[in-house]
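First up is the structure itself, then whatever we jot down about it.
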Amino acid sequence: MIPIPESDGLPVTRWSGGLRPASPEDAGVDPLRLEQAFDVLRSEIAAGLLPGAVAVIARRGAAVAHRALGWRQLYPHRRPMEPDTLFDLASLTKVAATLPAVLTLLEQGAFRLDDPVCRFFPAFSGGGKEQVTVRHLLTHTGGLPADFPHQALTGDRAEDIARILAQPLQAEPGLQVIYSDLGFIILGEMVALLSGEPLDRYVRRAVHGPLGMHQTGFRPSAALRNRCAATEYRPHLGRWQCGEVHDEKAAALGGVAGHAGLFGTAADLAAYGQMWLSGGAGVLSPATVAVATRDQTAGLGEGRGLGWIVTRPGDTHLSCGDLFTPGSFGHTGFTGTSLWIEPARELVVVLLTNRVHLGRQDHILRLRPRFHNAVAAALR
């Protein structure tokens, strides 16, 4: 059996976003119990269910763990996972790029949450779409379909956005949560329209740059691909993807889209999570953070803030597990990524994996909560 490679990034990482390295004990974390969380990852890798992972755990502004385990690529050759591995963040793009970009424009007075989307995109009309607001898109309550067949996209960005805007509603706005990539694609286009800059450029200037998230961005250069975690084998390409967006719709849109396409490191994502714990920390205002992380979908089946999943008492089957307190918020990405933040205990947990390198099995649905349970149990 090949030993599982493992490396510690805590002492060598240049932390940003106000984070500092510290021992678990200094942040009120039991080191032995914390190690049990990494045992969950080790067992998954040893069983051949997961290629590798990088995790960062931070509490009270202190990064207490930054661990890389396993491999960032198994096929066609092995490359060990490193703490600075770049991951295709998939749907974390929604909350780590599009959401903060939208919220900065909200703070500038560019729109109201309850403005109708058709005010900005007149083509988004008919069949009740005039009633869909920006708030609806941010909370996934606009009634839009969950997805759009990527085979119908042509690669002509303007034409493809027009096709997405023309999609009919699946439900009446405001009555149910339907998690929709389409809503966040439209929000990404709204950022570009209101800012006068492409989404990737605006996010870099207004969000990631100020936070020191210099390893995070869209469309990694060829020089960075050796640092990327490989994703899935694609028959039409005849190879495993690495350093190019996995999501088919984002690929058709040129690699920059409001729902997917962002690449980043675990350390950068931890800095981003800490910003939310710190009341916006130079990017957003405390008032905006409070609104975005409040349950906006009371009475509906799923707790949603603006962009975020927000936990409620009695919630089950969440990716943050069973032990995070109500009011925690987070998100996941299809490639095997997640970010969870628990304000009550000042906790940020980043878990980035390349699970799709081995295919689209659903074992990640049990792995995430088991890992987060072990982390939460380590808090004193």
Side-chain angles (χ1 to χ4, degrees), residues 88-99 101-102 105 110-111 115-134 136-138 140-171 173 178-205 217-222 231-232 234-238 241 243-263 307 333-335:
D88 180 336
L89 299 175
S91 282
L92 284 187
T93 303
K94 294 180 175 74
V95 293
T98 307
L99 172 64
V102 168
L105 292 166
F111 67 94
D115 276 341
V117 176
C118 64
R119 181 182 184 90
F120 309 104
F121 299 104
F124 189 80
S125 61
K129 287 195 284 187
E130 295 87 354
Q131 306 306 313
V132 178
T133 66
V134 177
H136 285 139
L137 297 189
L138 286 166
H140 296 279
T141 58
L144 282 165
D147 208 349
F148 181 82
H150 65 271
Q151 298 88 346
L153 298 175
T154 66
D156 180 306
R157 187 179 180 92
E159 182 179 332
D160 289 337
I161 294 299
R163 290 186 179 205
I164 290 168
L165 289 170
Q167 287 301 295
L169 297 185
Q170 181 177 319
I178 302 174
Y179 178 77
S180 176
D181 281 354
L182 304 191
F184 267 78
I185 292 173
I186 294 168
L187 287 168
E189 296 307 297
M190 186 175 128
V191 170
L193 177 70
L194 296 180
S195 71
E197 298 180 74
L199 174 65
D200 56 338
R201 190 181 307 163
Y202 181 78
V203 171
R204 187 184 314 118
R205 178 174 65 80
F218 294 83
R219 295 187 292 205
S221 67
T231 55
E232 196 171 13
R234 291 297 170 84
H236 70 285
L237 298 174
Q241 287 189 296
E244 55 189 328
V245 64
H246 176 265
D247 182 90
E248 295 94 342
K249 295 187 297 299
L253 293 169
V256 178
H259 73 297
L262 192 68
F263 285 72
F334 184 78
T335 50

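Small disclaimer: the values here were computed from a predicted structure and weren't measured. What's counted below: heavy atoms across the whole structure, side chains too, no hydrogens, waters or symmetry copies.
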Worked verdict on Ile161 versus Leu253 for side-chain contact (heavy atoms from CB on, under 4.5 Å): CA-CA 8 Å; Ile161 294 299; Leu253 293 169; 4.0 Å; yes
Minimum heavy-atom distance between Val245 and Ala250, given as atom pair plus value: CG2-CB, 3.8 Å
Separation of Tyr179 OH from Thr141 OG1 (nearest 0.5 Å): 14.5 Å
Aromatic plane relationship, Phe120 with Phe111 - under 30° parallel, 30 to 60° tilted, over 60° perpendicular: perpendicular
Heavy-atom closest contact (Gly155 atom, Asp160 atom, distance): N-OD2, 2.9 Å
Could you pull out all donor-acceptor pairs under 3.5 Å where a side-chain atom in residues 183-191 meets a protein atom, sequence neighbours excluded?
from	atom 1	to	atom 2	distance (Å)
Glu189	OE2	Arg157	NH2	2.5

Point-to-point distance, once rounded to the nearest 0.5 Å, from CG of Leu165 to NZ of Lys129: 7.0 Å
Val102 vs Leu138 side-chain heavy atoms within contact, under 4.5 Å: yes
Non-hydrogen side-chain atoms of Leu89 and Phe334 separated by less than 4.5 Å: no
Gln170 vs Pro145 side-chain heavy atoms within contact, under 4.5 Å: yes
Side-chain touch Thr93/His259, heavy atoms, less than 4.5 angstrom: no
Side-chain ion pair, Arg204 and Glu197, N-O less than 4.0 Å: no
side-chain contact (heavy atoms from CB on, under 4.5 Å) evaluation trace for Leu153 with Glu159: CA-CA 8 Å; Leu153 298 175; Glu159 182 179 332; over 6 Å; no
Whether over 12 other heavy atoms sit under 6.0 Å from Arg234 CZ: yes
Side-chain ion pair, Asp181 and Lys94, N-O less than 4.0 Å: yes
Sub-4.5 Å side-chain heavy-atom contact between Thr154 and Arg163: yes
Closest non-hydrogen atom pair between Gly142 and Val132, with its separation: O-CG2, 3.5 Å
Asp88 and Thr335: side chain donor to acceptor below 3.5 Å: no
Within 6.0 angstrom of Glu232 CD, more than 12 heavy atoms from elsewhere: yes
Closest heavy-atom pair and its distance - Ile178, Ala171: CD1-CB, 3.9 Å
Asp115 and Thr133: CA distance, side-chain angles, deciding distance, side-chain contact (heavy atoms from CB on, under 4.5 Å) verdict: CA-CA 5 Å; Asp115 276 341; Thr133 66; over 6 Å; no
Least distance between heavy atoms, Leu182 atom then Gln167 atom: CD1-CG, 4.1 Å
Gap between atom CZ of Phe124 and atom SG of Cys118 - 0.5 Å precision: 8.5 Å
Heavy-atom pair with the smallest gap, counting every atom of Ala260 and Phe218: O-CE2, 4.0 Å
Residues Arg219, Asp200; criterion side-chain contact (heavy atoms from CB on, under 4.5 Å); working and verdict: CA-CA 9 Å; Arg219 295 187 292 205; Asp200 56 338; 3.6 Å; yes
